[in-house]
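So the structure is just underneath, and the comments pick up after that.
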2 protein chains.
Amino acid sequence: MLWLRWASYSQEPMDIREIARRAKVSTATASRAINRVSTVDPQLAKRVWKVVDELGYYPNTQARALVSGRSRIFGLIVSEFTNPFFPEIVQTFENLAVGNNYEILLTSTVNDPRRMELSVRRMIERRVDGVAILTFGMEETLLEHLRFRSVPLVFVDVGPDVRGIANIRINYQNGIRQAVQHLAALRHTRIAFVAGPLHLKSALARQEAFKASMIEIGLPPELIVVGDHRLEGGMRALIEIGRLNTRPTAVLCSNDMTAIGVMRQAYDQKIKIPDDLSVVGFDDIRMAEFTMPPLTTVQMSQKDLAKIAFQALLNEVEGRSTSHERHEYELTTNLVLRLSTALAPAGRPSTTPPKRVGASRFRKVSTTVQSD
Amino acid sequence: MLWLRWASYSQEPMDIREIARRAKVSTATASRAINRVSTVDPQLAKRVWKVVDELGYYPNTQARALVSGRSRIFGLIVSEFTNPFFPEIVQTFENLAVGNNYEILLTSTVNDPRRMELSVRRMIERRVDGVAILTFGMEETLLEHLRFRSVPLVFVDVGPDVRGIANIRINYQNGIRQAVQHLAALRHTRIAFVAGPLHLKSALARQEAFKASMIEIGLPPELIVVGDHRLEGGMRALIEIGRLNTRPTAVLCSNDMTAIGVMRQAYDQKIKIPDDLSVVGFDDIRMAEFTMPPLTTVQMSQKDLAKIAFQALLNEVEGRSTSHERHEYELTTNLVLRLSTALAPAGRPSTTPPKRVGASRFRKVSTTVQSD
DNA sequence: CATAGCGTGGAAAACGTTTGCTCCTTTCAC
DNA sequence: GTGAAAGGAGCAAACGTTTTCCACGCTATG
């Protein structure tokens with residue numbers, strides 16, 4: 001039994017020196033053998049590996065990081081794990097990390113400035129090799145703490161005003177235009193929009209995209225209600241919409257949770273979806289597929305987002321990013337048709353509805369990232 | 001501007017020796033001041049802190065861990081982040097970690113033995129102070145690797161066959177009995193059960209609890225269909241149930257995703273919930289509140305689970321666990337009434353339905369854990 | 001006034017790696 | 001046969017902390 005074999009060593013210091021001693025080589029050679037670096041006589045290497053296996057030796061990462069100056073940790077700062085937008089991102093990010101022999105230090109800010117500061121502090125204290133920031137409202141001074149230590153940084157959607165930092169821009173316009181056109185093709189003319197908290201850049205951008213798309217198509221972008229990107233806001237929004245003089249026949253929401261709130265409120269009020277009201281979401285979180293009916297929504301691929309973020313970090317840290325332009329990435333959004341949209345209550349389609357659009361793609365797909 | 005002030009130091013080695021030098025004390029004193037350990041002259045301490053703030057010094061955690069022998073990291077191994085059961089757990093766990101000045105090393109196994117091995121390897125390599133294991137099918141030999149290094153371990157629901165390891169037992173019986181009795185009170189006599197993958201201990205335990213509860217109440221526990229704990233399995237299960245000779249009027253599911261699958265299939269088949277069919281889930285994931293109608297389900301509090309796990313780890317590592325019994329914890333389950341259950345199609349209630357049951361509680365609530 | 005005792009600061013030894021440098025051995029070419 | 005070149009192994013110095021041990025000075029006490 002394995003355990004018994006170990007038991008005999010159990011009190012001894014199981015470090016690389018012990019390995020070297022037993023393999024009758026120097027620690028330098030043992031280290032080189034273990035890391036398969038430089039050339040070491042196959043004979044010796046085999047001896048080292050044998051001892052490593054026998055003793056169940058695991059190198060001490062902190063010592064290694066200390067001397068090598070690289071921790072092989074990427075930080076990932078999100079706002080809240082319970083936000084359904086993140087699980088897929090975190091999972092993809094971790095998969096990539098594992099494939100590239102990195103670890104992730106995951107922290108959440110729960111929208112608390114103090115927690116945000118703690119997050120940054122942790123990142124620095126652990127000397128992470130890079131940080132992906134997927135939360136909003138990072139204070140300038142915190143940022144500087146990281147920049148000062150020249151920690152590679154990737155932001156999502158902060159806009160072009162921060163320089164020298166990799167930035168993933170989201171193309172909201174594309175998906176939202178598709179959504180509006182889709183609804184128009186279904187003869188909807190009174191289309192409402194439930195916005196998110198407008199102090200968030202992303203929420204504001206979505207609203208602007210809605211307005212632009214409506215104008216583009218010749219409809220008035222007037223029916224706008226403000227929600228909170230949560231279920232409750234969606235429910236309230238539909239109540240508010242019900243009070244309007246001109247009742248809309250379709251609702252476009254700033255995110256999926258809002259849309260689910262709208263559907264939930266509709267369910268309570270016996271409003272039939274999609275017969276009486278068409279609903280479109282934004283994000284395409286997992287849950288969107290499971291609602292009843294399944295939600296037509298604008299997909300912002302969380303997988304792709306995670307892939308870009310990781311790749312960007314990897315580029316920085318491996319020093320592959322030389323040109324200035326490489327710091328800008330873009331993620332496009334696309335409409336995903338499901339069953340929450342249908343013909344406007346009193347109408348008939350003039351054109352065939354647009355065909356189903358594939359998953360979003362991003363530029364700068366790398367071939368060096370392993371795993372999925 | 002802050003940045004400019006830093007700029008002047010930007011090339012220098014900002015370590016504790018630099019701090020000591022500038023504060024004109026020894027590194028020993030600097031360390032003691034920073035860690036507020038032992039007594040150091042307030043005058044000197046103030047000088048040290050002043051320099052720390054000015055330079056924006058952050059201690060190097062790896063060096064600290066190396067010499068102190070404690071990493072202040074807890075490992076958390078889950079199966080998949082995208083499993084809706086985990087977000088709440090991870091969030092709570094992290095909140096507690098932050099409050100107690102710990103970090104978490106989060107890994108997922110995606111049910112891949114290789115990934116599981118990698119997870120364990122990472123935990124050991126980072127010299128974590130403890131590991132909470134929330135995934136199933138951990139191989140015995142991997143376990144021994146951890147035990148050999150006497151890493152404190154907390155398991156969820158492995159049963160009593162592993163000794164010397166903290167273990168959180170789930171009381172499935174309590175909640176499931178409540179669910180069955182609730183349905184019976186609503187005049188349901190034909191109650192079906194959609195089981196999970198029976199090679200999982202937890203799924204098997206739930207099924208056993210169902211059988212026992214049915215027998216207890218004088219009903220035959222015969223209508224059992226096997227699902228997969230995922231949406232698809234639930235959908236398939238309802239189809240299968242539809243083919244049975246004796247059509248059940250209520251379905252109890254082994255987890256919430258299954259229940260949502262059942263509801264989804266019912267939606268497609270125009271079966272009305274709860275009018276035609278009552279549905280009960282298990283777990284009480286976030287989404288259960290958002291389905292249409294909201295799902296009546298057995299709550300297994302993810303928050304409490306995370307709290308227990310964290311507290312158990314803390315007990316181990318702070319050396320507070322002396323008695324043998326302390327290694328066993330229990331989490332009870334309780335029915336949460338929502339709107340997916342109603343009177344059986346052709347019946348009238350004989351008794352008043354049971355009153356709403358509060359959130360689950362666990363033994364050994366600690367008062368030493370800070371934050372939430 | 002001398003001495004014991006205590007509290008405080010500093011020098012230096014860890015912690016477990018990687019890695020620059022040196023030295024030795026071997027090989028190969030002339 | 002001699003020289004240089006190449007390649008592989010080992011010594012020892014880092015990396016940035018904590019912590020042990022010791023010395024010093026101050027206070028209180030006999």
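Here is how names work: the chains are called A, B, and so on, in the same order as the sequence lines, proteins then strands, and each is numbered from 1.
- Dashed line: the shortest gap from a side-chain N or O of B:S68 to OP1 or OP2 of D:dT18 is not under 4.0 Å.
- Between B:R32 atom CZ and D:dT17 atom P there is a gap of 16 Å when expressed in whole angstrom units.
- Here B:S26 reaches the OP1 or OP2 of C:dG10: one of its side-chain N or O atoms lies under 4.0 Å away.
- Of the candidates C:dC15, C:dG9, D:dA14, C:dG9 carries the atom nearest the B:V40 side chain, counting heavy atoms from C-beta on.
- Residue order along DNA chain C, read from the 5' end via each residue's closest nucleotide, puts B:K24 first among B:K24 and B:R127.
- A straight line from CZ of B:R47 to P of C:dG10 spans 9 Å, rounded to a whole angstrom.
- Separating the NZ atom of B:K46 from the P atom of C:dG9 is a distance of 15 Å, rounded to the nearest angstrom.
- You'll find that the side chain of A:L66 is closest to D:dC15, out of D:dT19, D:dC15, C:dG9.
- In the set D:dG10, D:dT19, C:dT17, the nucleotide with an atom closest to the side chain of A:V67 is C:dT17.
- Residue B:F93 is tested with B:F310, B:Y102, B:F86 for a ring-ring contact (aromatic ring centres under 6.0 Å, His included); the sole match is B:F310.
- Within 6.0 Å of atom CD in B:E117, 12 or fewer heavy atoms from other residues, nucleotides or ligands are found, so the atom counts as exposed in its surroundings.
- Defined by atom type and a distance below 3.5 Å, a donor-acceptor pair is present between the side-chain atoms of A:R115 and B:N95.
- Distance from the side chain of A:L44 is smallest for D:dA9 among the nucleotides C:dG9, D:dA9, C:dT17.
- The phosphate of C:dC15 (OP1 or OP2) has no side-chain N or O of A:N60 nearer than 4.0 angstrom.
- Proximity of B:R64 to the phosphate of D:dG16: no side-chain N or O atom is located under 4.0 Å from OP1 or OP2.
- B:R70 places its CZ atom 22 Å from the P atom of C:dA14, with the value rounded to the nearest Å.
- The CZ-P distance, from B:R149 to C:dG16, rounds to 13 Å in whole Å.
- With distances taken from any side-chain atom of A:V25 to the nucleotides D:dT18, D:dG10, C:dG10, the minimum falls on D:dG10.
- Rounded to a whole Å, the CZ atom of A:R36 is 13 Å from the P atom of C:dT18.
- Of the side-chain N and O atoms in B:S31, none sit less than 4.0 angstrom from OP1 or OP2 of D:dT17.
- Taking only side-chain atoms of B:A63, from C-beta outward, the nucleotide of D:dT17, D:dC11, C:dT17 with the closest atom is D:dT17.
- Phosphate proximity of C:dT17 to A:Y57: present, with a side-chain N or O under 4.0 Å from OP1 or OP2.
- B:N35 places its CG atom 13 Å from the P atom of D:dT20, with the value rounded to the nearest Å.
- For B:E18 and B:R21, the salt-bridge test passes: some basic side-chain N is under 4.0 Å from an acidic carboxylate O.
- Remark: the B:Q91 side chain and the A:T82 side chain contain no N/O donor-acceptor pair separated by less than 3.5 Å.
- Separating the CZ atom of A:R17 from the C1' atom of C:dA14 is a distance of 9 Å, rounded to the nearest angstrom.
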Requested in this report: Decide side chain to side chain contact (heavy atoms under 4.5 Å, CB included) for A:I77 and A:M123; before the verdict, give the C-alpha distance in whole Å, the side-chain angles of both, and the deciding distance to 0.1 Å.
Outcome: CA-CA 9 Å; A:I77 305 183; A:M123 299 296 159; 3.7 Å; yes
